[in-house]
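So the structure is just underneath, and the comments pick up after that.
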Amino acid sequence: MFNIANNTEFLQALGINDADEEVKNTLIAGIEDIAKQRLVEKLSERLTEEEAEEFSKIEDEQQAHDWLLNHIPDFENMVTEILSDIHYEILKQKAEVVG
């Protein structure tokens, strides 16, 4: 859904595109976990109980993505906003650490 591993622009902006594969995969997994958690929080604010129950029964990732596109008109913008926020937070923390 977030497809961070294939988003070289995002990875380059964070400075991790050329990192060791194991490190890069660990970082990507962490970013995706955070993104999924934030998406669930946003969806819980937007979906009715019936929609949330219907969505929870979907097991296939592509079907889940298609369902969200059909039920949340601005779903793609929501994902972009989540990734943008995470990107900003990572760069902010990086700047604070580096000084």
Side-chain angles (χ1 to χ4, degrees):
M1 198 167 301
F2 294 100
N3 206 15
I4 293 172
N6 295 324
N7 189 339
T8 54
E9 184 178 317
F10 183 80
L11 298 175
Q12 284 177 336
L14 295 177
I16 62 174
N17 195 45
D18 296 327
D20 175 70
E21 284 301 312
E22 187 176 333
V23 171
K24 187 164 83 171
N25 290 337
T26 300
L27 292 170
I28 289 170
I31 292 168
E32 287 181 345
D33 286 345
I34 292 167
K36 286 176 185 175
Q37 181 181 28
R38 291 184 184 183
L39 179 62
V40 167
E41 290 170 6
K42 285 187 177 271
L43 290 175
S44 70
E45 298 169 359
R46 304 271 304 266
L47 297 176
T48 65
E49 285 185 39
E50 293 81 18
E51 289 172 325
E53 185 176 332
E54 181 181 342
F55 179 70
S56 71
K57 295 177 182 176
I58 301 171
E59 295 181 19
D60 179 74
E61 188 171 336
Q62 184 60 49
Q63 288 177 342
H65 184 260
D66 293 344
W67 189 94
L68 289 168
L69 287 173
N70 288 325
H71 289 81
I72 308 288
D74 62 336
F75 175 70
E76 292 294 338
N77 290 335
M78 186 184 300
V79 169
T80 300
E81 182 180 309
I82 289 168
L83 290 177
S84 179
D85 289 348
I86 291 170
H87 177 252
Y88 172 77
E89 291 167 18
I90 291 171
L91 291 179
K92 181 180 175 189
Q93 288 177 356
K94 187 177 177 181
E96 288 173 0
V97 169
V98 173

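Since we're looking at a predicted model, the values are computed, not measured.
For the pair Asp74 (side chain) and Asn77 (backbone), a donor-acceptor distance under 3.5 Å is absent. A donor-acceptor pair under 3.5 Å is formed between the side chain of Lys24 and the backbone N or O of Asn17. Under the 3.5 Å distance criterion, the side-chain polar atoms of Ser56 are matched with a main-chain donor or acceptor of Glu53.
Side-chain contact between Leu68 and Leu43 is present, with at least one heavy-atom pair separated by less than 4.5 Å. A 4.5 Å side-chain heavy-atom check between Phe55 and Glu51 finds every atom pair outside the cut-off. Between Ile31 and Phe2, the closest side-chain pair of non-hydrogen atoms is not below 4.5 Å. At least one side-chain heavy atom of Leu83 sits less than 4.5 Å from a side-chain heavy atom of Ile4. The shortest side-chain heavy-atom distance between Leu47 and Ile72 falls under the 4.5 Å cut-off.
The local environment of CG in Asp18 is sparse, with at most 12 non-hydrogen atoms from other residues, nucleotides or ligands closer than 6.0 Å.
Here the closest heavy-atom approach between residue His87 and residue Ala13 is recorded as NE2-CB, 3.2 Å.
Between His65 and Phe75, the ring planes are perpendicular. Angles over 60° get that label, and only those under 30° would be called parallel.
Once rounded to the nearest 0.5 Å, the distance linking CG of Leu14 with CD1 of Ile90 reads 5.0 Å. Rounding to the nearest 0.5 Å places CD of Glu22 at 6.0 Å from CG of Asp20.
Residue pairs meeting the ring-ring contact (aromatic ring centres under 6.0 Å, His included) criterion with at least one member in residues 21-47, sequence neighbours excluded, do not occur.
Taken together through direct or relayed side-chain contacts under 4.5 Å among Ile, Leu, Val, Met, Phe, Trp and Tyr, Val23 and Ile86 form part of one hydrophobic cluster. Under the 4.5 Å side-chain heavy-atom criterion for grouping Ile, Leu, Val, Met, Phe, Trp and Tyr, Tyr88 is not connected to Leu39 through any hydrophobic cluster.
A salt bridge is defined here as a Lys NZ or Arg NE, NH1 or NH2 lying under 4.0 Å from an Asp or Glu carboxylate O, and Glu41 with Arg38 fails to meet this definition.
Side chain to side chain, Gln62 and Asp66 meet the donor-acceptor criterion of an N or O pair below 3.5 Å.
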